[in-house]
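When a ligand or atom number is given, it counts from 1 through the structure's own listing order.
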Amino acid sequence: MNSEAVSPLLVRKYNQPVPRYTSYPTVPYWKESLDVAEWKEVFRQQFHEENHTNGISLYIHLPFCESLCTYCGCNKKITTNHSVEEEYLRAIDKEWKLYRRLMRQTPVIRELHLGGGTPTFFSPLNLKRLLDSILKDSIVHPQHQFSIEGHPNNTTPAHLKVLFEAGFRRISYGVQDLDPEVQRVINRIQPLERVQVATANARAAGFTSVNFDLIYGLPLQTLSSIENTIRSVIELRPERIAFYSYAHVPWTSKAQRLFNESHLPSAEEKISLYLKGKELLLEAGYEDIGMDHFALPVDELSRARKEGRRHRNFMGYTTQATGLLLGLGVSSISDAGIAFAQNAKTLHDYYEDISNGILPIRKGYILNEEDRSFRRYILDIACKGQTSFRSEDLDLLRELVFPGLAPLEADGFLRFDETGLELTPAGHYFIRNCCAPFDLHKLRDEAGGKKFSQAI
Ligand code: SF4
């Protein structure tokens, strides 16, 4: 589809606040007081079922950054004081031991992701200590996939060596935009040369998958600045490119209040930026993996899409092969298939719970049968572009969902009947809007006061 094929009228019509559906129910509908005993029981059971068949996934949140990128919506702590590393690692180690007590077998680690924040804020020696403490009493799955988010400005060959030796083969660099003026306004100065060196270092260390994150919709971005950025990065042949829409949520992200909102592109301009980027990526041999991800055909995500193995979680699209994701660290989210749990969002609360020897969970949700069914519809649409309906759900679907699908069908985004739904090529630009009619929590939210970023 080219830029003319997406009507500006439809872009305006559907540019409503809509969740990204990295979970269902979405985080605003989770309970503030998850019963920790209930979560432990769900975790124990899911661990027991998954560990000996698929293994488990681990996400470790490393929240520190040396400087604030003004577009950032992540949970981070800005500091240049590196003595914070020690205390944080001690807390992660204690949290891991609390979970180890719930595991009756040696954990089989299949997936491990270090995210942030800036994981490479930590010294190579400290990253090694962290990984040693987790892996020394675990079994590493033979088909393990270990990955890290690296900052091009501070990922050193020493970091890469430690990570490679621990089994990491994928690194994602936050590139975002290479235009100097855009970098100045987002306070993230990293010239192309830095990205080139970081990429070359990762390849030299033995990493087989280098991924870049880019953002469209940032202040001062133009069609020509996006074109320059994309043309420069594809020269480096990263295996994957996540081309994210900037989420403007100044009510939750104070740094975004620093933007002059008149510098932000309009919804129509944003979709033009996306379409220009997409056109260049497809021309360069990348495949559209869905929503905001592109990958070379050799990449695991490309293969997973063709084989229907794609999954969507808090990290976006993944090839997650396990049914248990354990999140460690401040603000981390765990997903046990039928339940979510999120850790305390401030370091103070996180440390306090850990020092009291209790799991630092502050929020979560146990899914009922209806949630599980509607979660599957949303995941299917986001990951496969189609879904089939259970006859047991038909009354609910007719009453609450089909009325929301009808206008989307009329606008040419999908086709549906009482057996299921399929997106059209145009619908792939509006996936969030096409998932939203299945979000029963949002539909029933009488107050309607929850806020999400715009769909485009
Ligand atoms: S974008 Fe990344 S590096 Fe920048 S402040 Fe946020 S977490 Fe830190």
Side-chain angles (χ1 to χ4, degrees), residues 20 22 27 59-82 84-85 88 92 113-123 126-127 147-156 159 163 170-192 194-195 197-199 202 210-221 229 233 238 240-259 264 292 314-316 327-333 342-347 350 453:
R20 287 174 180 248
T22 52
V27 179
Y59 170 81
I60 305 177
H61 191 73
L62 299 168
F64 304 109
C65 303
E66 287 203 342
S67 66
L68 175 66
C69 310
T70 47
Y71 62 86
C72 179
C74 304
N75 183 298
K76 73 278 175 187
K77 176 85 183 159
I78 308 298
T79 179
T80 51
N81 173 10
H82 283 257
V84 294
E85 295 178 30
Y88 194 74
I92 293 274
H113 184 77
L114 302 184
T118 305
T120 45
F121 173 98
F122 285 74
S123 70
N126 278 337
L127 282 187
S147 53
I148 181 169
E149 292 163 21
H151 196 309
N153 285 356
N154 67 8
T155 305
T156 64
H159 284 111
L163 293 163
R170 173 172 301 122
I171 186 160
S172 296
Y173 285 126
V175 175
Q176 323 310 6
D177 190 287
L178 291 169
D179 184 86
E181 272 308 290
V182 175
Q183 290 194 354
R184 185 185 56 74
V185 77
I186 63 173
N187 194 37
R188 189 174 173 114
I189 310 296
Q190 49 179 38
L192 174 62
R194 286 277 173 89
V195 181
V197 169
T199 304
V210 177
N211 308 170
F212 289 169
D213 289 345
L214 304 177
I215 302 181
Y216 66 94
L218 289 170
L220 302 180
Q221 270 181 335
T229 293
V233 298
R240 271 182 215 177
I241 294 180
F243 190 35
Y244 291 114
S245 167
Y246 164 64
H248 192 57
V249 284
W251 54 90
T252 57
S253 193
K254 282 189 195 143
Q256 293 182 350
R257 294 178 204 161
L258 299 170
F259 287 160
L264 290 169
D292 35 29
F314 304 98
M315 290 166 267
L328 300 176
V330 65
S331 78
S332 280
I333 292 175
Q342 181 170 32
N343 280 351
K345 285 190 180 174
T346 68
L347 280 171
Y350 176 72
S453 61

Under 4.0 Å from any heavy atom of Tyr71, which atoms of ligand 1 are there?
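Every atom of ligand 1 under 4.0 Å from some heavy atom of Tyr71: 1 (S).
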
Show all protein N/O/S atoms under 2.8 Å from atom 8 (Fe) of ligand 1, or state that there are none.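 The answer is Cys65 SG.
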
Between [X] and [Y], is any pair of side-chain heavy atoms under 4.5 Å apart?
X      : Y      : result
Glu66  : Thr118 : no
Phe212 : Ser172 : no
Val330 : Tyr88  : yes
Asp179 : Gln221 : no
Tyr71  : Val185 : no

Exercise for the section: Kindly write out the residues that satisfy ring-ring contact (aromatic ring centres under 6.0 Å, His included) with Phe121, not counting sequence neighbours, or none if the list is empty. Expected result: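 Partners of Phe121 by the ring-ring contact (aromatic ring centres under 6.0 Å, His included) criterion, ordered by chain and then number, come out as Phe64, His82.
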
Nearest neighbour of atom 2 (Fe) of ligand 1 from the list Glu149, Arg188, Glu66, Lys77, on a heavy-atom basis: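 Ranked by closest heavy atom to atom 2 (Fe) of ligand 1, first place is Arg188.
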
**OP:** Could you check Leu178, Asp177, Val233 and say which one makes a side chain to side chain contact (heavy atoms under 4.5 Å, CB included) with Leu214?
**Re:**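 Among Leu178, Asp177, Val233, the one meeting side chain to side chain contact (heavy atoms under 4.5 Å, CB included) with Leu214 is Val233.
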
